There are 2 protein chains.
Amino acid sequence: MKNESPPKPTPTELSILGILWERGPSTVREVHEIISKTKPIGYTGVLKFLQIMTVKGSVRRNSDQRAHVYEAFQQEDKTKRQLVGDLMQRAFSGSASELVMHALAGKRTSQEEIDEIRRILDAHERKST
Amino acid sequence: MKNESPPKPTPTELSILGILWERGPSTVREVHEIISKTKPIGYTGVLKFLQIMTVKGSVRRNSDQRAHVYEAFQQEDKTKRQLVGDLMQRAFSGSASELVMHALAGKRTSQEEIDEIRRILDAHERKST
DNA sequence: GCAGTACTACGAACCCGTTCGTAATGGCAA
DNA sequence: TTGCCATTACGAACGGGTTCGTAGTACTGC
């Protein structure tokens with residue numbers, strides 16, 4: 001047993017985690033204000049998810065204040081790695097190049113993005129050599 | 001309305017589609033033999049999925065033979081593109097470079113894979129200029 | 001023609017993600 | 001202190017993905 005394997009977040013959980021990763025610790029109200037712009041969900045809905053995620057251990061609650069403050073406890077990197085790895089395995093038999101190919105085919109990508117990816121490749125190459 | 005938007009396959013459906021994409025038209029028995037090596041599922045379970053997918057339109061059935069032959073009807077490229085695009089949007093705010101970074105971080109990648117990705121980048125660059 | 005076998009069809013049930021409605025709690029103002 | 005408002009807590013319900021058990025159907029050998 002070597003890694004604590006963060007449970008795979010459901011779609012809605014991921015949306016919420018994303019907000020917490022980006023904004024840092026936030027109250028239910030803050031999360032709700034942001035997420036409701038893109039997803040139809042009520043205040044208590046967000047709260048419910050935060051509670052579930054608290055039980056699962058993917059977020060932590062600080063109840064010092066009246067309005068409880070939640071923060072992401074699940075590691076951003078590890079979670080994202082797992083999500084991509086899972087899809088890569090299930091849809092592309094583990095082939096990274098196939099994954100990249102379809103990722104680029106799906107949307108227009110700026111020159112900066114492409115250059116950035118090249119840098120990532122260089123760095124990865126140097127590391128693993 | 002321009003694209004027929006292939007419905008997003010569920011995890012198990014994707015496993016089956018993958019087999020059909022790779023092997024071509026197959027019978028229930030053949031699919032079951034392959035998938036049961038990695039996933040605990042019975043014969044009728046596979047059949048059930050094939051039936052559901054037939055209704056959804058992602059596979060087609062040929063009942064000329066006694067053992068019906070199923071073939072993938074859903075486009076491989078389009079489906080994969082959608083899956084990656086969806087994850088990229090939900091987990092990485094649409095950033096292709098972040099996606100690639102975490103994909104590579106998740107597993108060891110051979111030199112050939114990396115070179116292949118570079119080729120893909122080159123091709124994509126040329127096309128979009 | 002009859003029994004046995006292999007395959008397909010159908011329906012029920014279960015689990016989990018998701019959502020909502022309502023009750024309980026605690027602080028603030030008058 | 002009392003009443004109002006914001007916030008949290010809890011439970012129920014709905015839907016979809018997944019699985020399994022059983023019934024129906026067609027072919028094969030005797």
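Keep in mind that what you see is a predicted model, and the values were worked out from it rather than measured. Numbered from 1 within each chain, the chains take letters A, B, ... in sequence-line order.
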For this session: Would you indicate, yes or no, if C:dC7 has its OP1 or OP2 atom less than 4.0 angstrom from a side-chain nitrogen or oxygen of B:Arg61?
Result: no
Problem set entry | A:Lys48 NZ to C:dT22 C1', straight-line distance once rounded to whole Å | 13 Å
Problem set entry | A:Thr12 vs C:dT18: side-chain N/O to OP1/OP2 distance below 4.0 Å | yes
Exercise. Between the main-chain N or O of A:Ser36 and the side-chain N or O of A:Thr38, is there a donor-acceptor pair closer than 3.5 Å?
Worked result: no
For this session: Give A:Thr10 one of three labels, base, sugar-phosphate or nothing, depending on what nucleic acid heavy atoms sit under 4.0 Å from its own.
Result: sugar-phosphate
Problem set entry | First of A:His68 and B:Phe49 reached from the 5' end of DNA chain D, by closest nucleotide | A:His68
For this session: Write down the distance between CD (B:Glu33) and P (C:dA6), rounded to a whole number of angstrom.
Result: 13 Å
For this session: Check whether any side-chain nitrogen or oxygen of B:Arg29 sits under 4.0 Å from OP1 or OP2 of C:dC7, and answer yes or no.
Result: yes
Exercise. If only atom types and distance count, is the side chain of A:Thr27 paired as donor or acceptor with the main-chain N or O of A:Glu30 below 3.5 Å?
Worked result: yes
Exercise. For A:Ile52, which contact category applies under a 4.0 Å heavy-atom criterion: base, sugar-phosphate, or nothing?
Worked result: base
Problem set entry | Under 3.5 Å side-chain donor-acceptor pair for A:Asp86 and A:Gln82 | no
Exercise. Can you say whether the rings of B:Phe92 and B:His102 are parallel (under 30°), tilted (30 to 60°) or perpendicular (over 60°)?
Worked result: tilted
Exercise. Do B:Val31 and B:Trp21 sit in the same hydrophobic cluster, where Ile, Leu, Val, Met, Phe, Trp and Tyr count as joined when their side-chain heavy atoms come under 4.5 Å apart?
Worked result: yes
For this session: Take atom CG of A:Leu47 and atom P of C:dT18, then tell me their distance rounded to the nearest Å.
Result: 16 Å
For this session: Specify the separation, in whole Å, of atom CE of A:Met53 and atom P of C:dG17.
Result: 12 Å
Problem set entry | Spacing between B:Leu50 atom CG and C:dA9 atom P, to the nearest angstrom | 10 Å
Problem set entry | First and last nucleotide of DNA chain D, 5' to 3', lying under 4.0 Å from heavy atoms of chain A | D:dA6 to D:dG11
Seminar exercise, completed: Nearest-nucleotide check on DNA chain C, A:Glu13 vs B:Gln51; residue mapping nearer the 5' end is B:Gln51
Problem set entry | Under 3.5 Å donor-acceptor, A:His32 side chain and A:Ile41 backbone | yes
Exercise. Does atom CZ of A:Arg118 have more than 12 heavy-atom neighbours, drawn from other residues, nucleotides or ligands, at distances under 6.0 Å?
Worked result: yes
